[in-house]
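Right, one structure below, let's go through it.
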Amino acid sequence: MIEDRLISLQDVGVRLALSRRAIYRLIANGDLPRPVKVGGATRMYVSDIVIYLETLKSTRK
């Protein structure tokens with residue numbers, strides 16, 4: 001089972017090796033789901049990142 005916790009966009013960037021700006025581009029293009037606002041913080045679910053990575057892997061030739 002995938003651990004479904006919220007992580008910061010900085011942590012998302014580390015996991016995907018992308019800048020914060022690149023993450024927002026992926027969100028704008030619909031490749032990543034919109035983040036969640038918790039208080040004043042922007043967070044994403046770990047499961048969304050895992051699904052994104054699995055999708056990338058499955059479309060690779």
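Small disclaimer: the values here were computed from a predicted structure and weren't measured.
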Just so I know, are the side chains of Tyr45 and Ile7 near enough to count as touching, which here means a heavy-atom distance under 4.5 Å?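 The answer is no, as the side chains (C-beta and beyond) never meet within the 4.5 Å cut-off.
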Counting C-beta onward and ignoring hydrogens, is there a side-chain heavy-atom pair between Leu6 and Met44 closer than 4.5 Å?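 In short, these two side chains do not touch, never coming nearer than 4.5 Å.
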Val14-Ile49 co-clustered via ILVMFWY side chain contacts under 4.5 Å: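 In one cluster: no.
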Does anything in residues 9-23 form a side-chain hydrogen bond (donor to acceptor under 3.5 Å, both in side chains)? List the pairs, not counting sequence neighbours.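 Listed once each, the pairs are Ser8-Asp11.
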For Asp4 against Ser47, the heavy-atom pair lying closest together: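 So the minimum-distance heavy-atom pair works out to OD1-OG, 2.7 Å.
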I'd like a table of donor-acceptor pairs (distance under 3.5 Å, sequence neighbours excluded) in which one partner is a side-chain atom from residues 26-41, with atom names and distances.
from: Asn29; atom 1: ND2; to: Arg25; atom 2: O; distance (Å): 3.3
from: Lys37; atom 1: NZ; to: Thr42; atom 2: OG1; distance (Å): 3.0

